[in-house]
Amino acid sequence: MTGARQVDIREVAPRDGLQNEAPVSTEAKLELVAALAATGVGRIEVTSFVSPRAIPALADAELVASHLHRWPDIAFSALVAGIGGVRRALAAGVTRLEYVVSASDGHSLANVGRTSAESVALIGSVAELVHRAGGELEVIVAIAFDCPFDGPTAPHRVAEIAARAVAAGADSLSVADTVGTATPRRVAEVVDLVRAATPAVELGLHLHNTRGQGLANAWSGHLHGIRRFDSAAGGFGGCPFAPGAGGNIATEELVYLFEDSGIATGIDLAATLDAAALAARLLGRSADSNLLRAGGRLHPSSGSRR
């Protein structure tokens with residue numbers, strides 16, 4: 001399926017799905033990117049330009065970026081955590097960037113060695129560099145619901161960071177349930193507050209399925225106007241600097257949910273199941289995906305080859 005999209009799913013398996021894993025080869029990553037590109041997905045978060053000492057699994061960011069011309073129809077993006085990463089990404093030709101700001105000091109210090117306020121203060125400089133290169137900047141507000149170090153995150157804090165990000169030059173926003181503690185009620189509360197604070201900017205959700213609430217939270221977000229979602233084939237992923245953080249929503253399960261509800265994703269489910277199976281083979285372990293284990297409904301358009 002490659003038709004019109006009513007929701008826009010960004011595939012994050014090459015970045016978030018791999019960052020917590022033992023490093024795989026660049027060739028294996030490119031094999032995974034090729035499989036994901038074949039699903040019809042329009043956007044792929046392909047790597048992070050961060051310290052290779054902190055995230056050794058993504059130490060080959062520049063090398064991966066040098067091959068992205070093979071898929072000219074895909075909007076590739078990368079995550080950055082500071083000015084150095086922005087400069088590396090732009091030099092490598094990646095101009096769609098996501099800059100992460102933690103809503104808590106505990107996670108921010110563990111993740112990037114800065115307080116939350118210090119990360120917010122850098123948004124303007126990051127935006128200036130990205131825009132000067134003709135790129136787009138998305139600010140992701142991480143730890144938007146709970147912090148493993150500091151406890152619950154106040155929803156108004158998330159909305160405040162979002163508003164400051166837009167004022168500093170962010171082109172779009174995303175709210176991240178980094179440790180997978182959100183529930184549909186809390187998602188609705190945070191989404192409504194952020195949308196009220198930043199009504200003119202597109203808002204996305206980055207949800208983890210650590211406690212089995214990922215799909216319910218995505219549905220809650222959709223009911224409250226969200227049309228941009230992150231997910232990872234096979235449900236792999238997690239944050240190395242957030243104890244207890246588990247995998248992402250599995251892309252195949254998110255596609256299954258939306259498509260069977262009459263909401264177009266533009267993504268082929270059978271091809272996504274193939275990509276999830278490939279990710280599991282490359283990582284040498286089982287995927288955390290019920291759909292990959294059980295297969296789709298028994299008709300050709302639902303991924304019944306599983």
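Values below: all heavy atoms of this structure, side chains included; hydrogens, waters and symmetry mates excluded.
For the atom pair Arg195 CZ and Leu203 CG, the distance stands at 7.0 Å (nearest 0.5 Å). Rounding to the nearest 0.5 Å gives a distance of 4.0 Å between CD1 of Ile143 and OG1 of Thr178. The CZ atom of Arg227 sits 12.5 Å away from atom CD1 of Ile9, with the distance rounded to the nearest 0.5 Å. Interatomic distance, Leu278 CG to Leu283 CG, rounded to the nearest 0.5 Å: 9.0 Å. Note that CD1 of Ile140 and OG of Ser172 are 8.5 Å apart. Values are rounded to the nearest 0.5 Å. Atom CZ of Phe145 and atom CD of Glu189 lie 9.0 Å apart (nearest 0.5 Å).
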task: Please report the C-alpha distance between Arg43 and Asp8 in whole Å, then the side-chain angles of each, then the deciding distance to 0.1 Å, and finally whether the salt bridge (charged side-chain N to carboxylate O under 4.0 Å, His left out) criterion is met.
output: CA-CA 8 Å; Arg43 297 186 298 141; Asp8 184 5; 3.0 Å; yes
- request: Apply side-chain contact (heavy atoms from CB on, under 4.5 Å) to Leu273 and Leu292, showing your working.
  value: CA-CA 6 Å; Leu273 285 163; Leu292 186 60; 4.0 Å; yes
- request: Tell me, with the steps shown, if Val158 and Val175 meet side-chain contact (heavy atoms from CB on, under 4.5 Å).
  value: CA-CA 8 Å; Val158 181; Val175 168; 4.2 Å; yes
message: Show, in sequence, the C-alpha distance, side-chain angles and deciding distance for Ser108 and Arg114, and conclude whether the side-chain hydrogen bond (donor to acceptor under 3.5 Å, both in side chains) test is met.
response: CA-CA 6 Å; Ser108 189; Arg114 295 188 299 268; 5.9 Å; no
Residue pair Arg211, Asp177: steps toward the salt bridge (charged side-chain N to carboxylate O under 4.0 Å, His left out) verdict: CA-CA 11 Å; Arg211 290 162 180 82; Asp177 180 21; over 6 Å; no
- request: Just do the side-chain contact (heavy atoms from CB on, under 4.5 Å) check on Leu137 and Val139 with the steps written out, would you?
  value: CA-CA 6 Å; Leu137 175 65; Val139 170; 4.3 Å; yes
field: Full working for side-chain contact (heavy atoms from CB on, under 4.5 Å) between Arg228 and Val7
entry: CA-CA 6 Å; Arg228 292 162 66 95; Val7 293; over 6 Å; no
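Asn209 places no side-chain N or O within 3.5 Å of a backbone atom of Ile249 that could act as its donor or acceptor partner. Asp150 contributes a side-chain N or O that, together with a main-chain N or O of Gly106, makes up a donor-acceptor pair within less than 3.5 Å. Counting only distance, with no hydrogens or angles, the side chain of Ser261 and the backbone of Ile263 share no donor-acceptor pair below 3.5 Å. Without hydrogens or angle criteria, Glu252 side chain to Ala233 main chain gives no donor-acceptor distance under 3.5 Å.
Connection of Leu207 to Ile267 is established within a shared hydrophobic cluster, with ILVMFWY side chains joined at heavy-atom distances below 4.5 Å, either directly or through further cluster members. Hydrophobic cluster membership differs between Val112 and Phe149, with clusters built from Ile, Leu, Val, Met, Phe, Trp and Tyr side chains linked at under 4.5 angstrom. Under the 4.5 Å side-chain heavy-atom criterion for Ile, Leu, Val, Met, Phe, Trp and Tyr, Leu68 and Leu97 are members of the same hydrophobic cluster.
Ala168 meets the side-chain contact (heavy atoms from CB on, under 4.5 Å) test with Ile123; sequence neighbours excluded. Shown here are the salt bridge (charged side-chain N to carboxylate O under 4.0 Å, His left out) partners of Asp288, two or more places apart in sequence or in another chain: there are none. With sequence neighbours excluded, no residue forms a side chain to side chain donor-acceptor pair (under 3.5 Å) with Thr272.
Contact detail for Ile83 and Ser125: the closest heavy-atom pair is CD1-CB, 3.9 Å. Nearest heavy-atom pair across Thr153 and Ala103 is CG2-CB, 3.8 Å. Closest approach of Gly234 and Ala287 over heavy atoms only: O-CB, 3.3 Å. Nearest heavy-atom pair across Val179 and Thr210 is O-OG1, 3.3 Å. Closest of all the heavy-atom pairs between Tyr99 and Ser119 is OH-O, 2.8 Å. Nearest heavy-atom pair across Glu138 and Ser174 is OE2-CB, 3.1 Å.
Ser231 and Asn248 share no donor-acceptor pair across their side chains, judged by distance under 3.5 Å alone. When only modelled atom types and interatomic distance are considered, Glu11 and Thr251 share a side-chain donor-acceptor pair under 3.5 Å. Between the side chains of Arg157 and Ser116, at least one donor N or O sits under 3.5 Å from an acceptor N or O. With 3.5 Å as the limit, one finds no donor-acceptor pair spanning the side chains of Gln213 and Thr183.
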Quiz: residues 47-58 side-chain donor-acceptor pairs under 3.5 angstrom, not counting sequence neighbours:
from, atom 1, to, atom 2, distance (Å)
Ser51, OG, Arg53, N, 3.2
Ser51, OG, Ala54, N, 3.4

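Between Asp230 and Leu205, the closest side-chain pair of non-hydrogen atoms is not below 4.5 Å. Considering only heavy atoms from C-beta on, Trp71 stays 4.5 Å or farther from Leu36 through its side chain. Side-chain atoms of Lys29 and Leu32, non-hydrogen and from C-beta on, never get closer than 4.5 Å to each other. Taking the side chain as every heavy atom from C-beta outward, Val101 and Val141 never approach each other to under 4.5 Å. Within the 4.5 Å cutoff, no side-chain heavy atoms of Phe76 are placed close to those of Val94.
The pair Glu21-Arg285 meets the salt-bridge criterion, with a side-chain N (NZ, NE, NH1 or NH2) lying under 4.0 Å from an Asp/Glu carboxylate O.
Residue pairs satisfying the salt bridge (Lys or Arg N to Asp or Glu O under 4.0 Å) criterion with at least one member in residues 84-112, sequence neighbours excluded, are listed as follows: Arg10-Glu98, Glu62-Arg88. The list of ring pair (Phe, Tyr, Trp, His ring centres under 6.0 Å) pairs with a residue in residues 218-237, not counting sequence neighbours, reads Trp219-His222, His222-Phe258, Phe229-Phe258.
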